[in-house]
Protein chains: 2
Amino acid sequence: MKFSISEENYIKSIYHLQVLHQRVNTMMLAEMVKTKAASVTEMLKKLHKKKLIDYEPYKSFILTDTGNKIALNIIRKHRLWEFFLVNKLGFNWDQVHDIAEELEHINSSELISRLDEYLQFPSFDPHGDPIPNSKGKITDLKRSNLIDIPLKKTVVVSQIKDQSITMLDLLKHFKIGIGTKIKVNKRFEFDGSVEIKIDQMPNAVLSNQVAKNIYCVI
Amino acid sequence: MKFSISEENYIKSIYHLQVLHQRVNTMMLAEMVKTKAASVTEMLKKLHKKKLIDYEPYKSFILTDTGNKIALNIIRKHRLWEFFLVNKLGFNWDQVHDIAEELEHINSSELISRLDEYLQFPSFDPHGDPIPNSKGKITDLKRSNLIDIPLKKTVVVSQIKDQSITMLDLLKHFKIGIGTKIKVNKRFEFDGSVEIKIDQMPNAVLSNQVAKNIYCVI
DNA sequence: AATTATTTTTAGGTTTGCCTAACTTTATTT
DNA sequence: AAATAAAGTTAGGCAAACCTAAAAATAATT
Ligand SMILES: [Mn+2]
Ligand SMILES: [Mn+2]
Ligand SMILES: [Mn+2]
Ligand SMILES: [Mn+2]
């Protein structure tokens, strides 16, 4: 079965919202796909008819197993393309999302399996998010939030939750990226901010709002 | 200015038809974009309003200078992606057209200039067609048709005109590709067929219809 | 429990791109 | 020059996605 670009974007967004909130409702989804609630309702009816979501009017909804598989395949494509853009074409990690947003809809399983092989079957995209394999299986790492890791322990940044341009821009300023070795010197009770140390860099303080979005492997 | 995928496909098709026939008419274009004449007329009105074609009702039409530039940019993207698919991902030249047909609509000049650089600024795509540079300039080779080249002279296949799957399939069978060294032993007046010789291969006879589509550099 | 606020759906429109059928213009035959 | 054929346009409709405004259902307050 083939799906329109719109349908694919809705499916993928439902998936991401489910990861955060278990079940999804109309308003959340409308905001994520940048449209109005009325348009979402129409699409929900269509996705339900195609058996991609479990949906009853006025209730929250979730993907069916088929819906889930389709979502994972789109995410796989998105993340493989992001990896390609950064590691082969030399883009910065904060430039690739919008392009991958288009590339993820290119329709060819042969293309994706060859791309995967060409990239040597990467497990994580440039933002540290896991890339589902061809069967849709995700193998993720155990990661701790910068807020929670023990003081004075050097850990490695491995995932950024908020991937807005503004966030990625801030991280670039502090020279924080996936793979960066980082140490928390101090945690300030008052506002939840943390003082960090990165090799070759002066001490720096990150707000709680920033620190919450940085995950590390110990 | 941004254009829809449909608009881009029409513009590109007009360009290709112009190369063959100088001016384009409704029926030709309808056949090329696989739609009906009525739909073409509607699109012609839109493209004319956007100043991409010179068009008057009931007359044949051509691209304006702007239209031409846009066409060349789409063709550039198409051929760069084809080059990528064959030379980096290992596709055969007969598998890449449909995928490039989708990839050519991805919207990012940064992406294309990086891809171009990554591929080391190739001049020809896997079918021997010239790739316009970033300014839209094409530098093509002088090529002779297999029908016309002198007998017993070894030449190099450099372009295939008809790129249908069936044609590419036939060429694969005879081990003819871009770069293949080829010699015409004999030309048969009766049906215009030619007997050819390729290294490591027995003599073979190509029909006039096939030979007409093969171009070589001497 | 009743009122108010929020969420969700429905109703009615718009745009893009496609279609068929009817009509008009241009080209080709007789 | 008329008649016929072919090409091109217009008219009227349809499906996909979007929209605003109104109505219905659910949730939150008083
Ligand atoms: Mn997308
Ligand atoms: Mn990512
Ligand atoms: Mn195309
Ligand atoms: Mn080509």
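So you know, we letter chains A, B, ... as the sequences are listed, proteins then strands, and number each from 1. These numbers were taken from a predicted model, which means no experiment stands behind them.
- Of the candidate nucleotides D:dG8, C:dT9, C:dT7, D:dG8 has the atom lying nearest to any side-chain atom of B:T26.
- Heavy atoms of B:T35 sit under 4.0 angstrom from primed sugar atoms or phosphate atoms, though from no base atom.
- Here A:T41 does not reach the OP1 or OP2 of C:dT10: none of its side-chain N or O atoms lies under 4.0 Å away.
- Here C:dT15 presents its P atom at 21 Å from CD1 of B:I5, a figure rounded to the nearest Å.
- Among A:I14, A:I70, A:D54, the one residue that satisfies the side chain to side chain contact (heavy atoms under 4.5 Å, CB included) test with A:L63 is A:I14.
- The distance between atom CZ of B:F3 and atom P of C:dT16, rounded to the nearest whole Å, is 13 Å.
- B:E42 has its CD atom 10 Å from the P atom of C:dC19, to the nearest Å.
- In this structure, the NZ atom of B:K36 is 9 Å from the C1' atom of C:dT20, given to the nearest Å.
- Contact annotation: A:S6 side-chain N/O to D:dC18 OP1/OP2 distance is under 4.0 Å.
- Under the 6.0 Å distance and 45° angle rule, B:R114 counts as a cation-pi partner of A:F91.
- If you find the closest nucleotide of DNA chain D to A:E7 and to B:V40, the one lying nearer the 5' end belongs to B:V40.
- Counting non-hydrogen atoms under 4.0 angstrom, B:F61 reaches nothing in the nucleic acid.
- When the side-chain nitrogen and oxygen atoms of A:Y10 are compared with OP1 and OP2 of D:dA16, none of them lie within a distance under 4.0 Å.
- In this entry the distance linking OH of A:Y58 with P of C:dT8 reads 10 Å, nearest Å.
- For the residue pair B:S6 / B:S4, no side-chain donor-acceptor distance below 3.5 Å is found, with atom types taken as modelled.
- Looking at A:N68 and A:L72, their side chains come closer than 4.5 Å, going by heavy atoms from C-beta outward.
- Remark: P of D:dT26 and NZ of A:K59 are 8 Å apart, rounded to the nearest angstrom.
- The distance from atom NZ of B:K45 to atom P of C:dT15 is 15 Å, rounded to the nearest whole Å.
- Of the listed nucleotides (C:dT9, D:dT9, C:dC18), C:dC18 has the atom at the smallest distance from the side chain of B:S39.
- What separates CG of B:L29 from P of D:dT9 is a distance of 11 Å, to the nearest Å.
- Under the 6.0 Å distance and 45° angle rule, A:K161 counts as a cation-pi partner of A:Y215.
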